[in-house]
A.B. asks: 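This is the structure I want to talk about, given as structure tokens.
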There are 2 protein chains.
Amino acid sequence: MPDHTRPPEKRVTIYDVAAEADVSPSTVSRAFSRPSRVNSETADRIRRVAERLGYRTNPLARALTTSRTRMIALVIADITNPVYAEIVRGAQEAATDGEYTTVLIDAQESDRLERAAVERTMSTVDGIVLASSRMSDSAIRMVAKQRPVVVLNRALADVPCVVTDDPRGVRRAAEHLGELGHDHITYVAGPQASWPNGIRWRSLLEAGMELEIKVRQIGPFSPTMAGGERAARELCARPATAVLAFNDQMAIGIIRGLSRMGVNVPGDVSVVGFDNILAADIVTPGLTTVAAPLYAEGSAATRHLLTMIAGAPGHTGRPMVLPVRLVVRDSTATRNPGPGRARRQWARNRSAPDPAAHRP
Amino acid sequence: MPDHTRPPEKRVTIYDVAAEADVSPSTVSRAFSRPSRVNSETADRIRRVAERLGYRTNPLARALTTSRTRMIALVIADITNPVYAEIVRGAQEAATDGEYTTVLIDAQESDRLERAAVERTMSTVDGIVLASSRMSDSAIRMVAKQRPVVVLNRALADVPCVVTDDPRGVRRAAEHLGELGHDHITYVAGPQASWPNGIRWRSLLEAGMELEIKVRQIGPFSPTMAGGERAARELCARPATAVLAFNDQMAIGIIRGLSRMGVNVPGDVSVVGFDNILAADIVTPGLTTVAAPLYAEGSAATRHLLTMIAGAPGHTGRPMVLPVRLVVRDSTATRNPGPGRARRQWARNRSAPDPAAHRP
DNA sequence: GCCACGGCGGCAACGGGTTGCCATGTATTG
DNA sequence: CAATACATGGCAACCCGTTGCCGCCGTGGC
């Protein structure tokens, strides 16, 4: 019959080791935290005893006096969004390199949840990376006042930031569409609380001016496939030949929604996404999209945070900008000028949408 | 000129509150941790003072004496795998309900990294959920000896487990393929360190016996799209009409790989996946797959962990089994008996594979 | 032979709560 | 009115390391 009582095995402390090695507890402490401060033979003996007794230093107790937990928090807006997976990987690598542990927090796209989680975790970590935070600027500043913070995908005065070169990405996308003959681009907006959403739209406005391409915006929609499908319905009401979506999930949703209504991508409409998630490569047609260096974002932000924790002032001037690139796949094509067969069908659908159109 | 010195603002402690509210520190402590133990008026006054001073109880200091951090660890095999997103959500919800914070650890499919991370985190958390652990049974038992542990997607004697009804899922998939006329199913194996991989294969063996369907296995391959594409090449060497893949990513990879080589899915080969990730619904053809209740897995495992932490014995008998269901989409079809056009092409590709076949 | 100095180890205070136990003061009971 | 019970608050020890400071001792210089 198995023993169901948890074995008492009290945790081994420096005091146990000290008694066994016949030194004082402070010497044991130093043997681990500042080996140079104690005779190497003594240190060796202590380490052997510690090993034998199975001593592990208690990080909580240590943190209590040093006020360093060697943990950082990484807050992401939505763990369901594959974009963050790579960011997490990058952050984790940088943290591990610096002998830090990452605690990951999923804000579920909610300002409230994010604040609550940050609040709860703040005192347990040495610093925080906010990736695509949904909190208000002032809330972020509040947090930054209490702990080192690096903000990812958002620019904010007085707080160190890492952002991607979205203006350049949008510009490249617009150029690409322009070269394909499109003279009008519709931006399908994501969450208004999302900082990149604003930037992308403004960048498109600007690019439109310079390239003499008309632009307009619809939305906001939820930054998901479902959001994209809703956007597709709205797109049908006010047709477009070129669409730039806030992110890839929406772009994929848009493509699905459109083809369900008999609109061909890229034949009738060209669609460009943002982020270059894995799925962008496996959908049909393959999604043209603006790729961000996700892994690098995570690791750059984290590395910067670690230097701040180590005492560096934190570079609060201009944000650190990471380059993007346009990945051209099959969801963009030269503009179809005349209303061909497919285009006529679209027109037909507009007046009398056939919900079963996608069923063979 | 902004003030670059971090404001000294020492942390407010119970001592500060005590002095201000004119009570002893222990009373302040009790006002928060056991309000019934102190006069409600006093407690109110203390709370007001605490509020005014901005007091927050220090979880580390508390943990030091109570040895309860109110944090649990959730270890997942690969954050890149979308399967875990829902599991994380479920776990997080359950944890939040119990006023626990979840710290997420990504093992990156590595036994070594997983052990290291668990080792590092163990002493900081009250319990651990191991979702699809890649560690050895003995390593897991070791951990379970020191902290409450619930294992997800794996059965292990003497440790509480939550698993899905994979045998039933495989059975349903086999029945489905059988009904479509397939008399031979090839299992494309995932990581050998993955427990479900073994179960799925054994379940297929068993189902094959009962349904009089021949089965065989190829692999192991990495549980990714790339792994699936590699598997597709091997499948071409030893053709099959029905394939059950370890997971959806592999299934998608297989479909891509096959169609690149001119093999039609589901015309020539039917493919079934496992997990029902989001992408299963957006690929072409839509992937037939065995869906697991991911969210429920996460929350069930976490809830069980919390009861263990609260002192319940931990149900180490039979694992808790969650139901699955077969989601039929377009990647499975009736078996194509004669070597039709596409099938002949496949045969051609076998003898002289054309690497450019997928380029129009 | 004396002094200065460096290496090493110990003492004790500290960090910020928690909790067993005791000392009041008040309410209840006989 | 005495005896008892209970509500409330304080004391002090404790959790487990860390660290400033001091003392001891051996060594080397003069």
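Sequence lines set the chain letters: A, B, ... in the order given, protein chains first and strands last, and positions in each chain run from 1.
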A.B. asks: Taking atom types as modelled and ignoring hydrogens, do the side chains of Y100(A) and T302(A) form a donor-acceptor contact shorter than 3.5 angstrom?
C.D. replies: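 Not at all, the side chains of Y100(A) and T302(A) share no donor-acceptor pair under 3.5 Å.
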
A.B. asks: Crowded around R52(A) CZ? As in, over 12 foreign heavy atoms under 6.0 Å?
C.D. replies: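 Check passes, neighbour count above 12.
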
A.B. asks: Whether the side chain of E114(B) engages the backbone of R134(B) through a donor-acceptor N/O pair (distance < 3.5 Å, no angle test) should be reported.
C.D. replies: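 Such a contact is found between E114(B) side chain and R134(B) backbone.
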
A.B. asks: Using a 4.0 Å heavy-atom cut-off, does R56(A) contact any base of the nucleic acid, only the sugar-phosphate backbone, or nothing at all?
C.D. replies: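 Sugar-phosphate, no base atom in range.
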
A.B. asks: Less than 4.0 angstrom from a charged side-chain N to a carboxylate O is my criterion; do R154(B) and D137(B) meet it?
C.D. replies: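 Salt bridge: yes.
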
A.B. asks: Going by number, which of residues 21-37 of chain B have a non-hydrogen atom under 4.0 Å from DNA chain C?
C.D. replies: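 Residues of residues 21-37 of chain B that come under 4.0 Å of DNA chain C are, in numerical order, S26(B), S29(B), R30(B), S33(B), R34(B), R37(B).
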
A.B. asks: dG17(C) phosphate, OP1 or OP2: any side-chain N/O from Y55(B) under 4.0 angstrom?
C.D. replies: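 Y55(B) to dG17(C) OP1/OP2: side-chain N or O found under 4.0 Å.
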
A.B. asks: Could you list the protein-to-nucleotides 4-7 of chain C atom pairs, N/O on both sides, closer than 3.5 Å?
C.D. replies:
none

A.B. asks: For V125(B), does its backbone N or O pair with a side-chain atom of R147(B) as donor and acceptor, under 3.5 Å?
C.D. replies: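 Such a contact is found between R147(B) side chain and V125(B) backbone.
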
A.B. asks: For the pair R89(B) and D78(A), find out whether any cationic side-chain nitrogen is under 4.0 Å from an anionic carboxylate oxygen.
C.D. replies: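 Salt bridge present between R89(B) and D78(A).
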
A.B. asks: Under 4.0 Å, heavy atoms only, any strand: does T42(A) hit a base, just the sugar-phosphate, or nothing?
C.D. replies: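 The residue T42(A) makes sugar-phosphate contact but no base contact.
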
A.B. asks: Spell out, as yes or no, whether a donor-acceptor pair under 3.5 Å connects the side chain of T121(B) to the backbone of A117(B).
C.D. replies: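 Yes: the side chain of T121(B) pairs with the backbone of A117(B).
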
A.B. asks: Give the first and the last nucleotide of DNA chain D, reading 5' to 3', that has any atom under 4.0 Å from a heavy atom of chain A.
C.D. replies: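 Under 4.0 Å from chain A, the extent on DNA chain D is dC16(D) to dC21(D).
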
A.B. asks: Take atom CZ in R112(A); do more than 12 heavy atoms of anything else shown fall under 6.0 Å from it?
C.D. replies: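 Count not over threshold, so no.
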
A.B. asks: Does R62(A) reach the main-chain N or O of T69(A) with its side chain, forming a donor-acceptor pair under 3.5 Å?
C.D. replies: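 It does not hold such a pair.
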
A.B. asks: Closer than 3.5 angstrom, by distance alone: can the side chain of R70(A) be matched with the main-chain N or O of G98(A) as a donor-acceptor pair?
C.D. replies: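 Answer holds: yes.
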
A.B. asks: Nearest-Å distance, CZ (R68(B)) to P (dT19(C))?
C.D. replies: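 Rounding to the nearest Å, CZ of R68(B) and P of dT19(C) are 11 Å apart.
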
